[in-house]
Amino acid sequence: MLPLFGDERRREINLGGSSSVTTSQAAILNQARARRIERETVRKRQESAVTIQAWWRGVTDARRVRQELREQFIGDITGLTGLRCLVLIGQDVDFLDKWAAEVLSQGSLFGLAYGRDREHWLVLMRQVFFLLLRSVSDRPRSESTVSCLQVLCTLLNPASAIEALGFSGNQLTVSITEYAVRHDLYQYLARSIQTIGPETKNAPTLPFFVELIYRPLNTLERSSETFLQCFQSLAVHILTIPLLPNRIPISSLTALSAKLPLSSLSVLSTSIADLVSTIPLQSHVHLIANLYAFTTPRYAILPLSSLKTYLQLMTASLSILPVHALDPPSASDTRAPAMSWADDDESESEQPHVAVVTSFAPTPRLPPLDARTQKRLQTLPGPSHLNALLKAVQHDRGALPDLVSWLVNLCIVWPTRKDKILSTLLLYGGGGLVREIYRDYVRNSPLGKDENISSLMDPSLGLAWPPLLLLTELYTQSLLTMGDDEFFSNSRTSLTLDELVAFSRALFNIAFALYWRDDQTKIQEGGVPGLNLRWAGVRDKITKCLQAIHARDSRKPFMPENHWHVSSQIDMNSFIDAAVFEEQQLDESSAPRALTKRQLSHLSPRLSVLNNIPFAIQFETRVLIFRRFVENDKWNRNGDTRGRIDVSIRRGHIAQDGYDRLAEADLRAPIAITFIDQFGEPEAGIDGGGVFKEFFTSLCKEVFDSDRGLWLANKRNEIYPNPHSYATEPHNLNWYRFIGRILGKALYKGILVEVPFAGFFLAKWLEKQSFLDDLASLDPDLYQGLIFLKNYTGDVEDLALNFTVAIEDFGVAKAVDLIPDGSNVPVTRENRLQYIYLTSHYRLSKQIKLQSEAFFEGLSDMIDPKWLRMFNQQELQILLGGVNAPVDVQDLRAHTQYGGLYDNDEPTIQTFWKVLEDFDQEQQRLFLRFVTSCSRPPLLGFKQLSPLFAIRDAGSDEDRLPTSSTCVNLLKLPRYKSEKKLHDKLLQAISSGAGFDLS
């Protein structure tokens, strides 16, 4: 309702959609905020103006004061006032140069170091020293710094101070030197020398920098704390400069080498660990190179304590370097396995390297080494250097443990030089180092003792490992070129047999403990204290030595009975079951079939024992495990739908027909052989296994005949692949592959093969090392020549040998290099062991490499390689061909079954056993072959014959000959009434050589 009269409180309507009261409040707040910000800005501007004004007044005052100081300095350059002004002016290059030049020209450097001004002068001079040091380090190439450097050298030279001040001057020099060392003298010197660079070694400033390096070391009291700090700084900053000797002029280098107090290196003995942790990883290579360069000439005169400290420092630096850090770039690829002339594997092999990955952390890689550093390092493992070091240690036997640790670390970090190092050690002093290390350090070592097996990885035993590991490496290396005559002769170059028994047992205990651990992660990832070596690496080195010693014992036994066995420590039945279970687990996993020994060690403790130190388990037990592996494999394949393979073989073409029909066949499937006689008719008989055995026996007789050109026989009538190039043609390699597959089939089925293989060829199957003694049966003349060379006492170079071996190919003689450019590398006293090894290795392994690989490829199609690695060469020959022992007639009789009218008490049977016992060994073997197709008894006795031997009544016709069914090991024997008749007929039958139709 509108008022009748005017009302001052009219209602206001805001068409903008918001309250006017709200709008005015927001505006008021915004205005207040703006005014507050404006006041803050004004305040900051005023404060900034005050600050700038104060700064400007300070700058103006400083300029004025500095100008006044400069004027005062100019007025009294060499006086105490000038010295104070110089300190206050600070880092002014022109004034520092001017002052240095002036005091040198007037000879007034020590002019104020008298009377009451002495202390003031000393305080000021120490600060001036630091200003000069910083100045020259900023411009080390400039010739204008020479005067400053001269002043620095004079201040650190006691002779100059004593000349000016008398004997009291020495104390001033010591005080300035201590101040310089505490204020990073060597850090500034290192920066200066590295800035100059190795290509400008004639820079005029370099001699002064070099003098500043050694002056403090010659001035300070060697028992003082500052001297220790000085030596530490020298090691950390100066001796880690790359190419240090190459950066310094010859005259200065001579002075530095002479003045370095290396005889006092022992002061560092308590701080080596701190030094090593302070120095960057990439600088340790340069520390090693420089320390080696300066110390080598003084080996003969170094005190024992300093020699020990030198070796300890070098060892500590080596121990933290990655493997191959000292190799040239082409050889330092850590992805490749370390190779040396004593390795089994061929350098030209294209096989991929497989390793267990224990860590995905990046492998430390160092910057590439300069060629000059590499050249200097090449002499580190050289014979001349090692002999000098050994000679120095010979005078001071207390340093031998430190030398041993250094040698072990050098072999670990530089594996491509390990063979050179070990060969030098073996030749030194007539070769007595092996026996010396054993008797002095290993014989009484707690490692390997029965009571300490559980504490092998205890850090307190860290010092005991280097002597054991070096002895292990040395002994392994020595066996490569040691003949049996030397081995058993009690030579001073080797261990006695009694010592070897104790040493091998200690190694065996260590190896078994490391393989048998349930926690293999610690083995793969943990390492020996003080060595850049995993426990897995320790285990590998010890295993290699054990295998070499066991190989000798296998050829010519000398160890006590049960020396190698652990049957008393573990239950064999549970071991067999567990090993078979582990094998099944591996088969069911996605792991590749051809696992390496180290991979097996990581995955399966029992299989790793069987593959690396199989001799820990008795041979008979391993045979049972092998047969269990085969039976499990057969069981796993029972689900296959593959049918039987029917093969017809012509009697006159057994080898060729077998190759044509079975070279690509699946030999794990059942194979039924039908022989075709000379008239083209199938021979009678159903193959229940016996016909295949006859086929296999005939096949072996053909393919292993040396007249075919694939095989040769050594002096012991043991066969090995023909090394002639003819045998490496693709067609012949296919034959080797086929023979390997057939032999694998025989092993798979348990058929014995009467073919003696050469030991060095069997070693190729087992991935084992061949030895010099193996050459005696292959090439006696070459063997005798190499033994003569090894024992030659004259100048080896007079023999005019080089690193080649002569071979004949199709009537043409030619020389083959054993190493790159071998025809131009003479054989010397230092490298003759390498020549001996490479020559024997070429004849025993490399010449038959392709043939052996083809054969083993075929064998591996049937038999898992890790199954074969459970045996050594001699055991594998027994596994293939049975026991080369007399036929035990009583054992055969105890496991014989009878059929028809026969039993054990029947008169014909009684006569038969009497006749068989009266046969000589050759006739008994013929009988065994007649009834079983193999002339050797089964490995574990006739109870293992499957099926058991049986005799069945064949009637009363005494004019008939006894017959057999080899497929079921059955003798069909007529009832002869007289002993003579039975003797004559049985002998005629077993000597007839008739085919399967005889049955």
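What you are looking at is a predicted structure, and each value in this text was computed from that prediction instead of being measured.
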- Task: Begin from the C-alpha positions of Lys418 and Glu473 and carry the test salt bridge (Lys or Arg N to Asp or Glu O under 4.0 Å) through to its verdict.
- Result: CA-CA 9 Å; Lys418 184 178 74 171; Glu473 295 270 38; 3.5 Å; yes
- Closest contact, heavy atoms only, Val827 versus Val796: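 Minimum heavy-atom separation between Val827 and Val796: O-CG1, 3.5 Å.
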- Which atoms form the tightest heavy-atom contact between Leu479 and Ala548, and what is the distance?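 In terms of heavy atoms, the two residues are closest at CD1-CB, 3.6 Å.
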Return yes if a side-chain donor-acceptor contact under 3.5 Å exists between [X] and [Y], otherwise no.
| X | Y | result |
| --- | --- | --- |
| Gln378 | Arg417 | yes |
| Asp402 | Ser405 | no |
| Asp553 | His550 | no |

State whether the side chain of [X] and the backbone N or O of [Y] hold a donor-acceptor pair below 3.5 Å, judged by distance alone.
| X | Y | value |
| --- | --- | --- |
| Arg622 | Met870 | yes |
| Arg832 | Tyr792 | yes |
| Ser840 | Tyr837 | yes |
| Asp773 | Gly483 | no |

- Task: Using the ring-ring contact (aromatic ring centres under 6.0 Å, His included) rule, pick out the option among Phe760, Phe757, Trp765, Phe761 that qualifies with Tyr720.
- Result: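 Of the listed residues Phe760, Phe757, Trp765, Phe761, the ring-ring contact (aromatic ring centres under 6.0 Å, His included) partner of Tyr720 is Phe760.
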- Of Glu857, Lys849, Gln851, which is the lone residue that meets side-chain contact (heavy atoms from CB on, under 4.5 Å) with Glu853?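 Exactly one pass, corresponding to Lys849.
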- Residue Leu463 excluded, over 12 heavy atoms near CG under 6.0 Å: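 No, not enclosed.
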- Task: Flag yes if more than 12 heavy atoms outside Arg443 fall under 6.0 Å of its CZ atom; otherwise flag no.
- Result: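 Counting other residues, nucleotides and ligands, CZ of Arg443 exceeds 12 neighbours.
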- Criterion salt bridge (Lys or Arg N to Asp or Glu O under 4.0 Å) on Glu830 and Lys420, from CA distance to verdict: CA-CA 9 Å; Glu830 288 75 20; Lys420 179 183 289 187; over 6 Å; no
With a 4.5 Å heavy-atom cut-off, do [X] and [Y] have their side chains touching?
| X | Y | answer |
| --- | --- | --- |
| Lys449 | Asn509 | no |
| Pro614 | Phe871 | no |
| Leu386 | Tyr428 | no |
| Leu470 | Ile437 | yes |
| Ile570 | Met572 | yes |
| Leu500 | Phe558 | yes |
| Asn872 | Phe615 | no |
| Leu880 | Leu747 | yes |

- Intermediate values then yes/no, side chain to side chain contact (heavy atoms under 4.5 Å, CB included), Leu514 and Met457: CA-CA 10 Å; Leu514 293 178; Met457 300 182 185; 3.8 Å; yes
- Query: How far apart are the C-alpha atoms of Glu499 and Arg439, what are their side-chain angles, what is the distance that settles it, and do they pass the salt bridge (Lys or Arg N to Asp or Glu O under 4.0 Å) test?
  - Reply: CA-CA 9 Å; Glu499 290 171 336; Arg439 292 179 177 177; 2.6 Å; yes
- Task: Report the C-alpha distance between Asn409 and Ser319 in whole Å, list the side-chain angles of each, state the deciding distance to 0.1 Å, and finish with yes or no for side-chain hydrogen bond (donor to acceptor under 3.5 Å, both in side chains).
- Result: CA-CA 6 Å; Asn409 274 284; Ser319 67; 4.8 Å; no
- Among all residues two or more places apart in sequence or in another chain, which pass the ring-ring contact (aromatic ring centres under 6.0 Å, His included) test with Trp406?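 Per chain and number, Trp406 pairs via ring-ring contact (aromatic ring centres under 6.0 Å, His included) with His385.
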- Please walk me through it: do Leu507 and Cys545 pass side chain to side chain contact (heavy atoms under 4.5 Å, CB included)? CA-CA 8 Å; Leu507 294 183; Cys545 186; 3.8 Å; yes
- Asn611 and Ser608: CA distance, side-chain angles, deciding distance, side-chain hydrogen bond (donor to acceptor under 3.5 Å, both in side chains) verdict: CA-CA 5 Å; Asn611 273 259; Ser608 67; over 6 Å; no
- Message: For His324 and Trp414: C-alpha separation, side-chain torsions, deciding distance, then whether ring-ring contact (aromatic ring centres under 6.0 Å, His included) applies.
- Response: CA-CA 5 Å; His324 295 291; Trp414 209 345; 10.0 Å; no
